[in-house]
Chemist: 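The structure that follows is given in the form of structure tokens.
In listed order, ligands and their atoms are each counted from 1. Quantities reported herein were computed from a predicted structural model and do not represent experimental measurements.
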Amino acid sequence: MTTSPTNTRHDPGLEEVVAAQTVLSHIDGAAGALIIRGVPVEALAEQAEFEEVVHLLWQGFFDDLPKTAELKTRLAEARAEAFRSLEPDFARLAAMPPMEAVRAALALGQDGHDLKTAIAALARAGVMTAALKPLSEGRAPTPPTPGLAHAEDMLAIMGEARTPEVVAGLNAYLVTVAEHGLNASTFAARVVASTQAGLLSAVIGGISALKGPLHGGAPGPVLDMLDAIGSIENAETWIRASLERGDRLMGFGHRVYRARDPRADALKLAAARLPRSTGRLALAEAIETTILTRLAAEKPDRKLDTNVEYYTAILLEALGFDRAAFTCVFAAARTAGWIAHAQEQLLTRRIIRPQSIYVGPLDNVAA
Ligand code: SDX
């Protein structure tokens with residue numbers, strides 16, 4: 001006889017389940033606030049270098065975590081090693097869909113449980129993400145440049161202009177999306193980590209979940225939507241038709257936020273500082289207003305506001321990334337958060353194994 005689970009309420013989206021206690025971040029969905037280790041994300045986006053946020057997230061999870069400056073040096077060395085190691089496979093990896101190429105690049109690495117594995121994973125994700133664009137254009141990626149910070153070195157590998165605004169724009173993006181509580185990909189990373197599979201395996205689990213259009217795969221389709229709408233005059237008609245079809249408008253809605261995702265404006269600010277974004281940004285803002293009005297009218301009982309992905313699309317396009325690779329940039333940043341959560345899960349010494357309620361036949365004896 002099967003034993004019935006103690007908690008008999010089936011919650012497929014786990015909305016009501018608290019699956020972790022975390023020191024890493026807090027999301028106030030009602031207020032539209034996000035703090036990362038006690039610091040508002042807006043402040044980090046404005047002031048912190050990505051390596052500082054990595055250090056902030058990993059504090060307490062690696063006994064041998066060096067100071068930020070040394071971590072930055074080791075990450076730079078790891079990018080050079082990742083480039084050397086991946087270069088022979090660049091052509092094969094470039095033939096894959098972008099997120100699969102980044103996942104494969106990580107899978108070629110050496111799994112482990114230590115800081116070296118963590119730094120190597122972060123480096124490998126950044127290098128492969130940056131290499132995708134030159135490879136897609138038949139150009140050789142530029143080898144990592146010693147002494148550059150992570151964001152600037154990614155742009156250098158891409159062969160993109162590295163003006164202070166562009167470097168600051170990518171850095172702000174990496175910082176803003178590095179950590180966001182128990183989202184689907186981070187939960188996936190924690191599940192994998194809980195079996196002691198290794199940090200690289202946890203990151204690959206996270207990448208696989210992030211790839212989905214309902215999660216990290218939304219920014220590219222945001223641009224597709226803006227292209228399809230074309231002008232503010234078409235916006236109302238296009239949006240009404242899309243909602244009538246039951247489509248989800250990419251870049252809007254969130255499982256936790258019932259107010260505006262604070263990251264949306266942090267990224268909008270970064271995009272506004274880039275000359276290349278001005279045309280797209282003005283149209284995006286006008287269309288956003290129309291979308292929010294329509295969502296409020298058609299889904300009055302559900303507060304649907306702009307999420308992180310809407311202005312992610314405008315910013316990453318202005319930084320020179322191909323829309324098919326936007327989710328890779330997200331993964332390159334979120335790898336820092338996945339690793340922190342993986343380490344935090346390991347400290348619980350508990351494998352993640354929820355219950356299920358059997359609803360199949362009990363007497364299905366083969367005839
Ligand atoms: C990320 O969790 C995280 O933290 C994720 C993330 C992170 O940093 O890791 O913040 C990153 O994933 C941001 C979200 C990116 N995805 C998109 O922009 C895709 C579009 N958004 C939706 O698919 C949706 O809003 C979700 C997936 C984000 C949230 O879905 P929920 O909480 O499961 O809500 P739901 O799908 O049950 O929708 C509830 C209602 C529905 O109405 P009914 O069908 O019941 O009448 O709201 C409607 C939905 O139709 N709705 C939308 C909508 N989002 C929800 N309707 C139109 N367009 C949308 N975008």
Chemist: Contact between ligand 1 and R263 is defined here as a heavy atom of the residue under 4.0 Å from a ligand atom; is it met?
Modeler: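 Distance cut 4.0 Å: R263 passes for ligand 1.
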
Chemist: Would you confirm whether S242, through its side chain, and I239, through its main-chain N or O, come within 3.5 Å as a donor-acceptor pair?
Modeler: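 Checked: no pair found.
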
Chemist: For the residue pair F50 and H150, categorise the inter-ring angle as parallel (less than 30°), tilted (30 to 60°) or perpendicular (more than 60°).
Modeler: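 If you compare the ring of F50 with that of H150, the planes turn out parallel.
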
Chemist: If you measure every N/O of G251 against every N/O of ligand 1, is any gap under 3.5 Å?
Modeler: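 So ligand 1 has an N or O lying under 3.5 Å from an N or O of G251.
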
Chemist: So for V256, does at least one of its heavy atoms come nearer than 4.0 angstrom to any atom of ligand 1?
Modeler: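 V256: no contact with ligand 1 (<4.0 Å).
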
Chemist: Should one rank T176, L249, L182 by closest heavy-atom distance to atom 59 (C) of ligand 1, which comes out on top?
Modeler: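 Ranked by closest heavy atom to atom 59 (C) of ligand 1, first place is L249.
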
Chemist: Give yes if a backbone or side-chain nitrogen or oxygen of F252 is under 3.5 Å from a nitrogen or oxygen of ligand 1, and no if not.
Modeler: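 So ligand 1 has an N or O lying under 3.5 Å from an N or O of F252.
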
Chemist: Counting only heavy atoms, which portion of L295 has something under 4.0 Å from ligand 1: side chain, backbone, both, or neither?
Modeler: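 Answer for L295: side chain.
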
Chemist: Could you check whether E288 pairs with R260 (Lys NZ or Arg NE/NH1/NH2 to Asp/Glu carboxylate O, under 4.0 Å)?
Modeler: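 Salt bridge between E288 and R260, a charged N being under 4.0 Å from a carboxylate O: yes.
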
Chemist: Provide, to 0.1 Å, the distance between atom 4 (O) of ligand 1 and the closest protein heavy atom, together with that atom's residue and name.
Modeler: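 Heavy-atom neighbour on the protein nearest atom 4 (O) of ligand 1: H180 ND1, 2.6 Å.
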
Chemist: Give the residue and atom name of whichever protein heavy atom lies nearest to atom 6 (C) of ligand 1, and the separation in Å to one decimal.
Modeler: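 Going atom by atom, the protein heavy atom closest to atom 6 (C) of ligand 1 ends up being H254 NE2, 3.7 Å.
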
Chemist: Kindly state if atom 10 (O) of ligand 1 has a protein heavy atom within a strict 4.0 Å cut-off, that is, under 4.0 Å?
Modeler: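 True for atom 10 (O) of ligand 1.
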
Chemist: Just heavy atoms, cut-off under 4.0 Å: does L214 contact ligand 1 by side chain, backbone, both, or neither?
Modeler: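 Contact part for L214 vs ligand 1: both backbone and side chain.
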
Chemist: Can you check which of K303, R255, M250, R294 brings a heavy atom nearest to atom 31 (P) of ligand 1?
Modeler: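 Considering heavy atoms of K303, R255, M250, R294, the nearest to atom 31 (P) of ligand 1 sits in R255.
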
Chemist: Using a 4.0 Å heavy-atom cut-off, say whether H215 meets ligand 1 through its side chain, its backbone, both or neither.
Modeler: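 The answer is both, backbone and side chain.
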
Chemist: Under 4.0 Å from atom 35 (P) of ligand 1, is there any protein heavy atom?
Modeler: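 Flag for atom 35 (P) of ligand 1 set to true, protein heavy atom closer than 4.0 Å.
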
Chemist: Can you check whether L304 has an N/O within less than 3.5 Å of an N/O in ligand 1?
Modeler: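 The answer is no, given that L304 and ligand 1 share no N or O pair closer than 3.5 Å.
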
Chemist: Is E42 reaching over with its side chain to a backbone N or O of A266, donor-acceptor style, under 3.5 angstrom?
Modeler: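 Flag not set: sc E42 to bb A266 has no pair under 3.5 Å.
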
Chemist: Among all protein heavy atoms, pick the one closest to atom 14 (C) of ligand 1 and tell me residue, atom and distance.
Modeler: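 Closest protein heavy atom to atom 14 (C) of ligand 1: N307 ND2, 3.5 Å.
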
Chemist: With a 4.0 Å heavy-atom cut-off (strictly under), which part of R302 contacts ligand 1: side chain, backbone, both or neither?
Modeler: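 Side chain only.
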
Chemist: Could you tell me whether K303 and D305 have a side-chain N and a carboxylate O separated by less than 4.0 Å?
Modeler: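 Salt bridge present between K303 and D305.
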
Chemist: Distance to 0.1 Å, residue and atom name: give those for the protein heavy atom nearest to atom 38 (O) of ligand 1.
Modeler: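 Heavy-atom neighbour on the protein nearest atom 38 (O) of ligand 1: R248 NH2, 3.8 Å.
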
Chemist: If you draw a 6.0 Å radius around NZ in K116, do more than 12 non-hydrogen atoms from other residues or ligands fall strictly inside?
Modeler: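 No, the 6.0 Å shell around NZ holds no more than 12 heavy atoms from other groups.
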
Chemist: Quick test: of every protein heavy atom, which one is nearest to atom 28 (C) of ligand 1, and how far off is it to 0.1 Å?
Modeler: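 The closest one turns out to be G253 O, 3.7 Å.
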
Chemist: Could you identify the single nearest non-hydrogen protein atom to atom 2 (O) of ligand 1 and state the distance to 0.1 Å?
Modeler: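 For atom 2 (O) of ligand 1, the nearest protein heavy atom is N183 CB, 3.4 Å.
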
Chemist: Is it true that D153 and R162 make a salt bridge, defined as a side-chain N closer than 4.0 Å to a carboxylate O?
Modeler: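 A salt bridge is absent here (no side-chain N lies under 4.0 Å from a carboxylate O).
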
Chemist: Is there a heavy atom in D247 that sits closer than 4.0 Å to ligand 1?
Modeler: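 Contact check D247 vs ligand 1: positive.
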
Chemist: Is the closest heavy atom of G13 to ligand 1 under 4.0 Å?
Modeler: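 Flag not set, G13 not near ligand 1.
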
Chemist: Is the number of heavy atoms from other residues, nucleotides or ligands within 6.0 Å of CG (D227) greater than 12?
Modeler: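 It does: D227 CG has more than 12 such atoms within range.
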
Chemist: Of all the atoms in ligand 1, which lie at a distance below 4.0 Å from a heavy atom belonging to A218?
Modeler: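 So the answer, numbered in order with elements, is 15 (C), 16 (N), 17 (C), 18 (O).
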
Chemist: Does the distance from a Lys or Arg side-chain N to an Asp or Glu carboxylate O, for R240 and E236, drop under 4.0 Å?
Modeler: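 Answer for the salt bridge query: yes.
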
Chemist: In terms of side-chain heavy atoms, does S277 have a donor or acceptor partner in E317 at a distance below 3.5 Å?
Modeler: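 Checked: S277/E317 side chains show no N/O donor-acceptor pair below 3.5 Å.
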
Chemist: I'd like to know if the side chain of R323 reaches the main chain of G220, judged simply by a donor and an acceptor atom lying under 3.5 Å from each other, with no hydrogens or angles considered.
Modeler: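 Looks like no, no N/O pair under 3.5 Å.
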
Chemist: Flag the pair E179 and R334 as a salt bridge only when some basic side-chain nitrogen lies within less than 4.0 angstrom of an acidic carboxylate oxygen.
Modeler: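 The answer is no: the pair does not qualify as a salt bridge.
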
Chemist: Would you mind telling me if ligand 1 is within reach of the side chain of L243, the backbone, both or neither, using heavy atoms under 4.0 Å?
Modeler: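 The answer is the side chain of L243.
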
Chemist: Which protein non-hydrogen atom lies closest to atom 43 (P) of ligand 1, naming both residue and atom, and how far is it?
Modeler: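 Looking only at protein heavy atoms, the one closest to atom 43 (P) of ligand 1 is K299 NZ, 4.0 Å.
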
Chemist: Do we see a donor-acceptor contact under 3.5 Å between the side chains of S25 and R37?
Modeler: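 Distance-only check fails for S25 and R37.
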
Chemist: For ligand 1, which is the ligand I care about here, please tell me if R334 has any N or O atom under 3.5 Å from one of the ligand's N or O atoms.
Modeler: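 Yes: some nitrogen or oxygen of R334 is under 3.5 Å from one in ligand 1.
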
Chemist: Count the heavy atoms of every other residue, nucleotide or ligand shown that sit under 6.0 Å from NZ of K133, and state whether that count exceeds 12.
Modeler: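 Above 12, so yes.
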
Chemist: Could you check L122, L57, T186, L199 and say which one makes a side chain to side chain contact (heavy atoms under 4.5 Å, CB included) with W338?
Modeler: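 Only one of L122, L57, T186, L199 forms a side chain to side chain contact (heavy atoms under 4.5 Å, CB included) with W338, namely T186.
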
